[in-house]
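Here the structure is laid out as structure tokens; the discussion comes afterwards.
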2 protein chains.
Amino acid sequence: MGAPLISKDEVLNRLTRVFRENGYGATLSQLSQNTGLQRASLYHYFPGGKEEMATAVVERSNAVLEREIIAPLHGTGSPSERLRAMMRSVDRYFAGGTESCLLGSLTHTPGTHRFESHIKAGFTAWIDAIASVLTEAGLTRRTARVRAQNAVFAIEGALLVCHGIGDTKPFRRMLRELPEQMTAVELSAA
Amino acid sequence: MGAPLISKDEVLNRLTRVFRENGYGATLSQLSQNTGLQRASLYHYFPGGKEEMATAVVERSNAVLEREIIAPLHGTGSPSERLRAMMRSVDRYFAGGTESCLLGSLTHTPGTHRFESHIKAGFTAWIDAIASVLTEAGLTRRTARVRAQNAVFAIEGALLVCHGIGDTKPFRRMLRELPEQMTAVELSAA
DNA sequence: GTCTATACACCGATAGAC
DNA sequence: GTCTATCGGTGTATAGAC
């Protein structure tokens, strides 16, 4: 013993999986089993215990959100192409609706006041990036902001409800339909 | 001692509050504190322990959903009036976005496989009732179903995200805007 | 860097007095 | 119908050997 069994990055990957499924209610036993490390070894990597593990996970997760989901919004192509690219990333990130959102899981779990700022930062960055693209697409600032919020609500709600009813199809349908709805021209008093 | 301090219905009210906030992660200490009853007294009402408490709470909660939120959809008035009535009920039920959804909280909490059927039943009944009204409003069955799903996704997602970012205003905005969006005429290839 | 062993609090649940 | 007292199990966290 003494030689590291897996890299710290791989440890974080596995911790993330557990926190995504269980929120802050994840237990050290689960985290230990899923990493293959004993509890005491986890404390070697994270002396601050579960709180430090969750903090590391949510910070890295927000970085992934930035890189995998937000960055495509600032890429090349038309606004609606970039929105479709984001939806593909979202579909991949949530494994077609089978995997949960870490921020959502943490929001629901008790004892997560310590992560409030991370949760808020993640959701806000996502909404802001979408709003920026929609502004670029010609929508007013206010409409862009409203539709960006609605899009994130739709994704998070679909994820939750589809998990609850045990059917991921409506989640994927939603992802397909969203870009067109978001960029549609406004109807004044239909 | 011996005389009941509060009615069983009031016990259920208080248990519901705790389960809504904490999901199945609610502890007997919390349930005891919020009811004013000692743990052992809770076992008098619910010999099956926490599982029986949660079952009673979710079953009653689904009955409330049926009575307070679904029933207005089958009332009098035009379809869009009934949708607006439902949104008012939803706003009241979630206290303007400050209170959580029991079904949502249970969905996210570990150890809730026992409530899967209740969760699915609640969400499904809600979606079906909305779809029925939208069909009545002249939408095709398929469009009605899709928009009903989207409406519940939007409500649940807004509830979650608004809780995460600590601002309930987008939730209430969403409730105001939803009825018009749901009943709008379809645009073919905008 | 990994492990075994352990400390101590809280968990859900039960026994039994009044 | 309420309570105090207590059980066994598991929770997070730590000590210390190798």
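Treat the numbers as computed from the prediction; the structure is a model and nothing was measured. Below, chains carry the letters A, B, ... as their sequence lines are ordered, and counting in each starts from 1.
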Review point. Side-chain contact, heavy-atom cut-off 4.5 Å: B/Val133 with B/Leu83?
Key: yes
Point to revise | Side chains of A/Ile130 and A/Arg147 in contact at under 4.5 Å (non-hydrogen atoms) | key: no
Result block: side-chain N/O donor-acceptor pairs under 3.5 angstrom for residues 36-46 of chain B, not counting sequence neighbours:
residue: B/Arg39; atom: NH1; partner: B/Ser29; partner atom: OG; Å: 3.1

Practice item. List the steps and the verdict of salt bridge (charged side-chain N to carboxylate O under 4.0 Å, His left out) for B/Arg173 and B/Glu177. Key: CA-CA 6 Å; B/Arg173 170 191 60 71; B/Glu177 296 172 357; 2.8 Å; yes
**Study point:** Strand contacts (DNA chain D) in residues 4-23 of chain B, 4.0 angstrom heavy-atom criterion
**Key:** B/Pro4, B/Leu5
Exercise for review: Can you sort out which residues in residues 39-54 of chain A have a heavy atom within less than 4.0 Å of DNA chain D? Ascending by number, please.
Suggested key: A/Arg39, A/Ala40, A/Tyr43, A/Gly49, A/Lys50
Point to revise | Test item: A/Thr112 side-chain N/O and A/Leu106 main-chain N/O as donor-acceptor pair under 3.5 Å | key: yes
Check your understanding: Has the side chain of B/Asn62 got a donor or acceptor atom that lies under 3.5 Å from a matching backbone atom of B/His118?
Key -> yes
Point to revise | Stepwise salt bridge (charged side-chain N to carboxylate O under 4.0 Å, His left out) check, A/Arg60 with A/Asp9 | key: CA-CA 10 Å; A/Arg60 207 185 61 142; A/Asp9 203 61; 3.1 Å; yes
**Study point:** Sorted by number, the residues of residues 29-36 of chain B with heavy-atom contact under 4.0 Å to DNA chain C
**Key:** B/Ser29
Check your understanding: A/Phe115: what forms a ring-ring contact (aromatic ring centres under 6.0 Å, His included) with it, not counting sequence neighbours?
Key -> A/Tyr24
Exercise for review: Can you label the angle between the B/Phe94 ring and the B/Phe171 ring as parallel, tilted or perpendicular, going by 30° and 60°?
Suggested key: perpendicular
Review point. Taking CD from A/Gln38 and C1' from C/dT2, how many angstroms apart are they, rounded to a whole number?
Key: 9 Å
Check your understanding: If you look only at pairs with a residue in residues 13-37 of chain B, which of them pass as a salt bridge (charged side-chain N to carboxylate O under 4.0 Å, His left out), with sequence neighbours excluded?
Key -> B/Glu10-B/Arg14, B/Arg20-B/Glu99
